[in-house]
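Within every chain, numbering begins at 1; the chains are lettered A, B, ... in the order of the sequence lines, protein sequences first and strands thereafter. Since the model is a prediction, treat every value here as computed from it, not as a measurement.
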There are 2 protein chains.
Amino acid sequence: MQISELARRAGVPVATVKYYLREGLVPPGELTGATRARYGEEHVQRLRLVRALLGPGGLSVARARAVLAAVDSPDTSVHAALGAAHRALPGVGSEGPADLDRARALLRRRGWRVAGDSPALIALAAALEALRAAGAAPTDALLDRYAEAAGRIGEQDVAAVPTGSVAEAVRFVVVNTVLLEPVLLALRRLAQEDASRRRFPDNC
Amino acid sequence: MQISELARRAGVPVATVKYYLREGLVPPGELTGATRARYGEEHVQRLRLVRALLGPGGLSVARARAVLAAVDSPDTSVHAALGAAHRALPGVGSEGPADLDRARALLRRRGWRVAGDSPALIALAAALEALRAAGAAPTDALLDRYAEAAGRIGEQDVAAVPTGSVAEAVRFVVVNTVLLEPVLLALRRLAQEDASRRRFPDNC
DNA sequence: CGACATTGGGTAGTGCCACTCTCTAGTGTT
DNA sequence: AACACTAGAGAGTGGCACTACCCAATGTCG
């Protein structure tokens with residue numbers, strides 16, 4: 001298939017496909033001449049994945065490239081792929097102070113062990129610091145309940161990883177890590193809406 | 001206090017404070033002359049809140065303005081404020097198709113009742129559709145467990161709303177809705193990291 | 001064979017966003 | 001009187017994700 005069909009199949013403008021090719025988000029097609037290349041079904045899939053990462057996943061082109069690099073690299077371990085996905089996710093760059101102590105204390109209470117420079121740990125510390133600065137520091141009890149719910153989810157995310165091939169597992173981990181985030185946030189909002197409707201039935 | 005001290009106290013460049021004033025994210029100070037205005041402690045707080053919403057909260061200036069409008073409006077009900085916050089959050093604009101049927105079925109299974117045009121519902125449907133397009137559609141079982149965990153969190157978010165004044169409750173709801181999202185995402189990633197370390201100890 | 005559309009590849013332009021700079025006229029301070 | 005600072009507003013900046021255009025080469029159809 002040629003680029004115009006590839007673009008049509010994936011629902012992306014041709015110019016944008018070319019852009020993704022240039023940026024290395026999509027592998028080049030098989031050249032059949034100086035001005036022809038052949039693309040396959042896997043390119044359609046890849047293009048859809050790219051669009052999902054950039055749109056709903058909320059990744060920038062640069063971060064998507066890093067995520068896809070982990071998916072592509074054949075010698076990644078599953079744990080390393082998860083780390084790569086976490087590193088590629090937007091997580092409040094190391095700007096400003098962060099409430100690392102509180103974040104570490106929370107982990108200790110739950111018995112979680114993570115890398116000392118885990119990007120997720122830094123993101124948590126930054127988010128806690130932002131809440132503090134905004135004058136809305138959450139209580140430990142609230143954080144613990146959040147952590148308990150998050151623990152259940154993370155546990156199941158990892159349990160659901162397929163055991164077939166490493167490559168398949170890596171793709172699963174990376175895609176689900178990124179694309180289930182909007183699902184989780186949407187579900188939280190829906191739960192809030194339902195609970196709010198019940199607690200504040202009319203005009204409170 | 002003058003603008004330079006306000007900027008220093010909040011850790012924001014003077015030019016940026018002026019920009020926020022122009023954009024209506026921060027209320028104007030009390031004019032004491034043609035080229036002087038006085039700012040108070042509440043301006044420092046507001047500025048910190050704005051920075052938290054724009055940075056860790058991940059809101060655009062336009063969305064932050066909408067969120068803050070709900071906080072400022074004195075006649076908002078708590079439920080309406082939550083709706084305003086949800087509407088202001090980035091939730092995958094109504095572009096492309098969405099898996100509304102699956103989203104509605106999920107809500108039905110949990111017994112949640114939400115507005116038919118709830119932005120969170122649309123966000124969920126769009127996220128599910130993105131997963132499907134990326135060839136990584138989650139199982140119903142996984143979604144249900146996500147929803148159960150999210151339900152616990154949403155329940156507690158609403159339960160934690162203070163009952164003092166409506167204005168206080170509105171601010172609490174809006175700030176927590178936005179700023180606890182990065183906390184939840186970070187906790188999920190940390191739980192994944194811990195679980196992954198346990199399941200894939202070495203190089204799997 | 002020749003007219004015509006299409007392609008790969010590259011460069012440059014677009015629109016948006018969140019600032020950031022600069023300017024003007026005015027004000028408080030020394 | 002000299003100077004630093006201010007409010008307010010317009011213009012400029014840099015980054016990003018495209019998007020439009022151009023070229024020579026190629027395939028296709030009559």
Side-chain angles (χ1 to χ4, degrees), chain A residues 1-40 43 47-68 88-90 92-93 95-96, chain B residues 1-40 43 47-68 88-90 92-93 95-96:
Chain A
M1 120 186 45
Q2 311 200 126
I3 200 172
S4 57
E5 192 183 346
L6 171 63
R8 199 174 37 71
R9 290 274 309 279
V12 175
V14 171
T16 306
V17 175
K18 287 184 172 184
Y19 169 62
Y20 292 159
L21 285 165
R22 243 174 302 151
E23 292 292 325
L25 300 182
V26 174
E30 180 194 353
L31 280 175
T32 65
T35 66
R36 277 313 123 121
R38 189 160 37 217
Y39 303 93
H43 287 93
L47 215 34
R48 291 200 177 129
L49 174 59
V50 167
R51 291 297 270 195
L53 293 179
L54 294 183
L59 299 191
S60 68
V61 166
R63 288 179 189 283
R65 184 167 35 226
V67 165
L68 291 167
L89 283 168
V92 192
E95 11 156 359
Chain B
M1 128 185 38
Q2 309 200 125
I3 199 172
S4 57
E5 191 182 346
L6 171 62
R8 199 174 38 70
R9 290 274 309 278
V12 175
V14 171
T16 305
V17 175
K18 287 184 172 185
Y19 169 62
Y20 292 158
L21 285 166
R22 242 177 300 158
E23 292 293 324
L25 300 183
V26 175
E30 179 195 354
L31 281 175
T32 64
T35 67
R36 275 317 122 118
R38 188 160 38 218
Y39 302 93
H43 287 93
L47 215 35
R48 292 198 176 130
L49 174 58
V50 167
R51 292 295 269 194
L53 293 179
L54 294 183
L59 300 191
S60 67
V61 165
R63 288 178 189 282
R65 184 168 34 228
V67 165
L68 291 168
L89 283 169
V92 193
E95 13 156 357

Problem - Nearest-0.5 Å distance that lies between atom CZ in B:Arg8 and atom CD in B:Glu5 - result: 5.0 Å
Practice task
Look up atom NE2 in B:His43 and atom CD in B:Glu30, then write down how far apart they are to the nearest 0.5 Å.
Solution key: 9.5 Å
Handout entry: Boundaries of the DNA chain D segment in contact with chain A, non-hydrogen, under 4.0 Å
Key = D:dA17 to D:dG27
Problem - Beyond-backbone contact of B:Leu68 with B:Leu53, side-chain heavy atoms, under 4.5 angstrom - result: yes
Exercise: identify the closest heavy-atom pair between [X] and [Y]:
X	Y	result
A:Leu54	A:Leu25	CD1-CD1, 4.4 Å
A:Pro13	A:Ala7	C-CB, 4.2 Å
B:Val67	B:Ala88	CG2-CB, 3.2 Å
A:Arg51	A:Tyr20	NH1-OH, 2.8 Å

Problem - Protein-to-nucleotide contact annotation, 5' to 3' order, nucleotides 9-28 of chain C [B base; S sugar-phosphate only; - none; under 4.0 Å, heavy atom] - result: B-B------BBB-----BB-
Handout entry: salt bridge (charged side-chain N to carboxylate O under 4.0 Å, His left out) partners of residues 17-29 of chain A, not counting sequence neighbours, each pair once
Key = A:Glu23-A:Arg65
Practice task
May I ask you to say what B:Gln2 touches in the nucleic acid, namely base, sugar-phosphate or nothing, with a heavy-atom cut-off under 4.0 Å?
Solution key: sugar-phosphate
